[in-house]
Amino acid sequence: MEIEHVLPQDIERRSMEIIDEELGEITIAPEKLAVVKRVIHTSADFEYARTLRFSGGAVASGLAALQQGCTIVTDTNMACTGINQGALHTLGCRKVCFMADVDVAAAAKAAGTTRAAAAMRKAAALAGPLIVAVGNAPTALFSLAELIDSGAVAPALVIAVPVGFVNVVQAKERIMACSVPYITAVGRKGGSNIAAAICNALLYTLTGGRRP
């Protein structure tokens, strides 16, 4: 096998070129392309080119929220860590994950729910525009859907990509039935890395790439 010699600073650019080549004749709307490519870059899984679903205006709504200095709420610290802090700082945004908070643990115990569900209830009290990025817990999406339906919260964008086998598909379908913009991956695939990748794709669209 022949080794391709690429300078470290050119690896991502070359990776994106390979993704373009291997996408071939798959047609992706221009406003969605950066998200799809970033997810493939993160996962090396071209199935996402066919399984990512976007509600009407989802990308535009997410970009507008970022331009307004939104808060990105995640359901795992892994996803939160994976979102580029420099790009967030450039746009005046922030990221939070409430899963390890003492009050969230107490609320979950009192209500007999998961911490992920309780974390969404805490997030509903945040001021300003929100992007909610769920890459792990279906219960976070079920809780969020109830909050949306009741009018307690109206995220500018829900990134619904939990991974797994139990209630994952149902949770994604539940969010797709809500009256909010969403980006999801139909089926079982997803993960915290995918949630972060989608956030970063939107961030890099506005900042022109990575920031230190």
Side-chain angles (χ1 to χ4, degrees), residues 31-32 34-39 41-43 52-55 57-101 103-104 115-145 147-148 152-163 171-172 175 178 180-185 190-212:
E31 71 275 10
K32 304 173 185 177
V35 172
V36 173
K37 288 177 64 177
R38 181 62 55 183
V39 169
H41 180 264
T42 295
S43 63
L52 283 176
R53 295 286 185 274
F54 299 73
S55 67
V59 171
S61 184
L63 294 176
L66 291 169
Q67 289 173 315
Q68 294 163 17
C70 74
T71 299
I72 300 177
V73 179
T74 71
D75 70 322
T76 64
N77 283 310
M78 178 181 174
C80 195
T81 300
I83 299 170
N84 189 286
Q85 179 59 49
L88 285 170
H89 179 75
T90 297
L91 296 171
C93 299
R94 67 173 182 143
K95 57 183 178 179
V96 298
C97 178
F98 297 136
M99 288 293 290
D101 290 9
D103 59 332
V104 166
R115 290 192 185 193
M120 293 300 106
R121 290 193 291 273
K122 181 172 181 176
L126 294 174
L130 298 178
I131 292 175
V132 180
V134 174
N136 181 68
T139 56
L141 292 183
F142 287 125
S143 176
L144 182 62
L147 291 162
I148 292 168
V153 68
L157 175 65
V158 178
I159 297 169
V161 289
V163 61
K172 293 172 180 178
I175 284 296
C178 292
V180 293
Y182 64 79
I183 300 173
T184 190
S192 296
N193 60 330
I194 303 301
I198 294 171
C199 291
N200 285 335
L202 298 173
L203 286 164
Y204 299 160
T205 296
L206 294 174
T207 62
R210 295 183 181 275
R211 289 295 182 270

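The basis for the numbers below is simple: all heavy atoms, side chains too, and nothing from hydrogens, waters or symmetry mates.
Under the side chain to side chain contact (heavy atoms under 4.5 Å, CB included) criterion, K37 pairs with M16, I19, D20, L23, L33, sequence neighbours left out. Residues passing the side chain to side chain contact (heavy atoms under 4.5 Å, CB included) test with V180, sequence neighbours excluded: I148, P155, V158, C178. A65 meets the side chain to side chain contact (heavy atoms under 4.5 Å, CB included) test with C70, P129, I131, A156; sequence neighbours excluded. For R53, the side-chain hydrogen bond (donor to acceptor under 3.5 Å, both in side chains) criterion is met by no residue, not counting sequence neighbours. Partners of T42 under the side-chain hydrogen bond (donor to acceptor under 3.5 Å, both in side chains) rule, at least two apart in sequence or in another chain, do not exist in this structure. Scanning for side chain to side chain contact (heavy atoms under 4.5 Å, CB included) contacts around T139 gives T114, A116, A137, with sequence neighbours left out.
Annotation: side chain of K32 is not in contact with side chain of L52 (no heavy-atom distance under 4.5 Å). L126 has its side chain within reach of R94: a pair of non-hydrogen atoms, C-beta onward, lies under 4.5 Å apart.
Taking CD1 of I183 as the reference point, atom CG of L202 lies at 5.5 Å (rounded to 0.5 Å). Between the CG atom in L141 and the CG atom in N136 there is a gap of 10.5 Å [rounded to 0.5 Å]. Summarising the geometry, atom CD1 belonging to I83 is positioned 7.5 Å from atom CG belonging to L203; distances are rounded to the nearest 0.5 Å. L157 CG to I198 CD1: the interatomic distance, rounded to the nearest 0.5 Å, is 8.5 Å. Rounded to the nearest 0.5 angstrom, S43 OG and I194 CD1 are separated by 4.5 Å.
Sorted by first and then second residue, the pairs that involve residues 119-140 and meet salt bridge (Lys or Arg N to Asp or Glu O under 4.0 Å), not counting sequence neighbours, are D101-K122, D103-K122. For residues 72-81, the set of pairs meeting the side chain to side chain donor-acceptor pair (under 3.5 Å) definition, not counting sequence neighbours, comprises T76-S192. Sequence neighbours left out, not one pair with a member in residues 123-134 passes side chain to side chain donor-acceptor pair (under 3.5 Å).
Remark: the backbone N or O of G57 is not paired with any side-chain donor or acceptor of S61 at under 3.5 angstrom. With hydrogens and angles disregarded, no donor-acceptor distance shorter than 3.5 Å links the side chain of K172 to the backbone of A160. Side chain of K95 to main chain of C80: a donor-acceptor pair is present (N/O by atom type, distance under 3.5 Å, no hydrogens or angles).
Here the closest non-hydrogen pair linking N200 and N84 is OD1-N, 2.8 Å. Nearest heavy-atom pair, A140 versus M120, reported as atom, atom and distance to 0.1 Å: O-CG, 3.3 Å. For the residue pair R38 and A201, the shortest heavy atom distance occurs at CB-CB, 3.7 Å. Taking both residues in full, the closest heavy atoms of A195 and A133 are given as CB-CB, 4.2 Å, listed atom of the first, atom of the second, then distance. Nearest approach of T71 to V96, heavy atoms of both residues: CG2-CG2, 3.8 Å. Here the shortest heavy-atom pairing between A58 and Y182 reads CB-O, 3.3 Å.
Applying side-chain contact (heavy atoms from CB on, under 4.5 Å) to L66 and the options T207, T205, I72 leaves one that passes, I72.
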